[in-house]
2 protein chains.
Amino acid sequence: MLTTSIANPSNVTSLAERRLLHETVVDQLRDLIVQGELAPETKLNERVLAERLGTSRTPLREAIKFLASEGLVELLPNRGAVVAALKPEKMQEVFVVLGALEALAGDLACRNASEADIADIRALHYHMLAHHARGELAHYFRYNQQIHQRIIDCAGNATLAQAWRAMNAHVKRARYLANLSGERWDKAVKEHEEMIEALTRRDGAKLQMLLRDHLANKLVMVMEALQARKTEVVR
Amino acid sequence: MLTTSIANPSNVTSLAERRLLHETVVDQLRDLIVQGELAPETKLNERVLAERLGTSRTPLREAIKFLASEGLVELLPNRGAVVAALKPEKMQEVFVVLGALEALAGDLACRNASEADIADIRALHYHMLAHHARGELAHYFRYNQQIHQRIIDCAGNATLAQAWRAMNAHVKRARYLANLSGERWDKAVKEHEEMIEALTRRDGAKLQMLLRDHLANKLVMVMEALQARKTEVVR
DNA sequence: TCGGCTATTTTTGCATACAAAAAATGATTG
DNA sequence: CAATCATTTTTTGTATGCAAAAATAGCCGA
């Protein structure tokens, strides 16, 4: 699942908690950044943030260092940390790398996925189609993400999966800005259709290519969204 | 010392670069792990390690969290952290991902590298040849690493470079175990020869292929080294 | 001797205290 | 009035303190 239930605002003390505070803080902070609640280039005030997350500065700082390694925050010596900027150039870089990783994953998935795996992915695909038909963007994104995630998982390479997740965090962040136009959305769905087909036929070379193209198109959408945001700010 | 001498051109972190204890500790700890001074699966005792690095537990813990995100250490809830294990399966995974990243970098480098860049890389190559001729393994490795690093840098994608560095850390760690046999070593050098040639001709497709093969061969060597270490322990 | 229980020690996880650096404020002077 | 510098305030970076969990040692009984 994408987000851990954030429900728990206050105490962690009452129940016997297996999970470490550090991890929950990492997840909470990552969600705040990915979902845009902490906008790009926002300064992270440790005292304020720690209070907001119901913890002290120590675990928060550890979480910040962890996310810095993922690239979601940037460390400024003696000046704390800021949410990583969301620059077009950075997005281009991320998409290039993500393209290579997904292409690899697609190829591996075609070899390693079980029939049950493929059936699952196809099921997710139909859910996604349903939400597309109803114009339910948020739900569409959710299933879209799950499909990509499952393809990665089917590659059977945990290291690849982790690298992908880190890159994908940046993309997800941009997604929250994107307003899919009807025609672009239809095109994306069509591409998914072909991807599912290639996966079913276990045509690794084809899937690889489709994933690359799909990502290239996503990049175009994200860049447009970033451009729109920029002019909006200026206006 | 390897990492410090690299005098890095492409920035891993942000613009403002000033010395901070945290960064120092991260680099020191990473070196200890990569160079095998802290062996795989070693428990990291915070008090002892902090004293060894001349600092307190707080910055050390932050460094540990940072490296955990890079995958060099593993966090055990309520039981601290250990140096990541060096398992054959993990190595296979890393090499597959690294193959995709280097292939991508090779392709991009063929397009983006300046003539001066290529000349630099060729110069490094000849240094490497010299050390190979003299059987100076450590120096050979150093130039070998620099060549790969420079190819990555020439791709002109800082995000790619960072992902590569993280993966490469795992490989470097395994390197310190590897004793190159004469014939394998000769083969590796020959592969480098071809790579330099492809880069000079800016034949991206060819370089991509060569890098993949080169890495596949490296994997074989690493696996043999791991196997040897295992039997050695058993014996 | 061995296994399991409790008590002690060690170690981790989190909070807080303190010092140094940066930012904000304000006063003085040209 | 602006600019610069000194002073206060805030924020970060590091060390330390303390409670809880884990590891270890010691003890007893079968």
Side-chain angles (χ1 to χ4, degrees), chain A residues 4 6 8-30 32-33 38-69 72-85, chain B residues 12-30 32-33 38-69 72-85:
Chain A
T4 59
I6 315 176
N8 154 33
S10 58
N11 69 333
V12 200
T13 49
S14 56
L15 291 178
E17 194 78 355
R18 254 326 118 188
R19 198 144 188 244
L20 284 182
L21 187 50
H22 157 74
E23 288 183 43
T24 71
V25 173
V26 166
D27 289 342
Q28 286 180 321
L29 189 51
R30 189 192 286 114
L32 287 177
I33 294 173
L38 288 173
E41 298 179 83
T42 304
K43 194 170 181 325
L44 298 179
N45 184 308
E46 296 178 0
R47 192 175 46 77
V48 172
L49 246 186
E51 191 152 350
R52 178 170 177 183
L53 298 182
T55 180
S56 78
R57 284 176 57 213
T58 306
L60 172 63
R61 282 177 60 89
E62 292 179 1
I64 288 174
K65 295 300 186 297
F66 193 93
L67 292 178
S69 183
L72 283 180
V73 313
E74 287 170 16
L75 303 176
L76 313 176
N78 289 316
R79 300 180 61 190
V82 297
V83 178
Chain B
V12 176
T13 50
S14 60
L15 314 158
E17 298 279 346
R18 213 164 293 172
R19 302 259 165 83
L20 201 55
L21 186 50
H22 160 72
E23 283 294 333
T24 313
V25 174
V26 165
D27 288 342
Q28 283 180 317
L29 188 51
R30 189 192 285 115
L32 287 177
I33 294 173
L38 288 173
E41 299 180 81
T42 305
K43 194 169 183 325
L44 298 179
N45 184 306
E46 296 178 359
R47 192 177 45 78
V48 172
L49 203 52
E51 190 152 349
R52 179 169 176 183
L53 299 182
T55 180
S56 78
R57 286 177 56 215
T58 306
L60 172 63
R61 282 177 60 88
E62 292 180 0
I64 288 174
K65 296 298 185 296
F66 193 92
L67 292 177
S69 183
L72 283 181
V73 313
E74 288 168 15
L75 303 176
L76 312 176
N78 288 317
R79 299 180 64 194
V82 298
V83 178

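Naming: A, B, ... by sequence-line order, numbering from 1 per chain.
The residue B:Ile64 sits apart from the nucleic acid: no heavy atom pair falls under 4.0 Å. Across all strands, B:Lys65 comes closer than 4.0 Å to no nucleic acid atom at all (heavy-atom distances). Residue contacts for B:Leu75: at a heavy-atom cut-off of 4.0 Å it reaches no nucleic acid atom on any strand shown.
The side chain of A:Asn45 sits closest to D:dT11 out of C:dC14, D:dA15, D:dT11. In this structure, the nucleotide among D:dT16, C:dA21, C:dC14 sitting nearest to the side chain of A:Asn78 is C:dA21. Nearest to the side-chain atoms of A:Glu46 among the listed nucleotides D:dG13, C:dT11, D:dT16 stands D:dG13.
At C:dT12, one or more side-chain N or O atoms of B:Lys43 fall inside 4.0 Å of OP1 or OP2 (strictly under the cut-off). Dashed line: the shortest gap from a side-chain N or O of B:Ser56 to OP1 or OP2 of D:dA15 is under 4.0 Å. Regarding contacts with the backbone of D:dG13, a side-chain N or O of A:Arg61 is found under 4.0 angstrom from either OP1 or OP2.
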- Message: Let's go through B:Leu53 and B:Leu32 carefully: what are the C-alpha distance in whole Å and the side-chain angles of both, what is the deciding distance for side chain to side chain contact (heavy atoms under 4.5 Å, CB included) to 0.1 Å, and is it a yes or a no?
- Response: CA-CA 11 Å; B:Leu53 299 182; B:Leu32 287 177; 4.1 Å; yes
- Trace of the side chain to side chain contact (heavy atoms under 4.5 Å, CB included) decision for A:Leu49 with A:Leu29: CA-CA 9 Å; A:Leu49 246 186; A:Leu29 189 51; 4.0 Å; yes
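In this structure, NZ in B:Lys65 is found 12.5 Å from CG in A:Leu67, a value given to the nearest 0.5 Å.
Residues forming a side chain to side chain contact (heavy atoms under 4.5 Å, CB included) with B:Glu74 (at least two apart in sequence, or on another chain): B:Val82, B:Ala84.
Distance, A:Leu44 CG to D:dG13 C1': 16 Å, rounded to whole Å. For the pair A:Arg57 CZ and C:dG13 C1', the computed distance is 16 Å after rounding to whole Å. Spacing between atom CG of B:Leu60 and atom P of D:dG13 amounts to 17 Å, rounded to whole angstrom units. Regarding A:Glu62, its CD atom lies at a distance of 13 Å from the P atom of D:dT14, rounded to whole Å. Between A:Glu51 atom CD and C:dT16 atom P the separation is 11 Å, expressed in whole Å.
Between B:Val25 and B:Pro59 the shortest heavy-atom distance is CG1-O, 4.4 Å.
Remark: the B:Thr55 side chain and the D:dT14 base include no donor-acceptor N/O pair separated by less than 3.5 Å. Checked by distance alone, A:Arg79 brings no side-chain donor or acceptor within 3.5 Å of a matching partner on the base of D:dG13.
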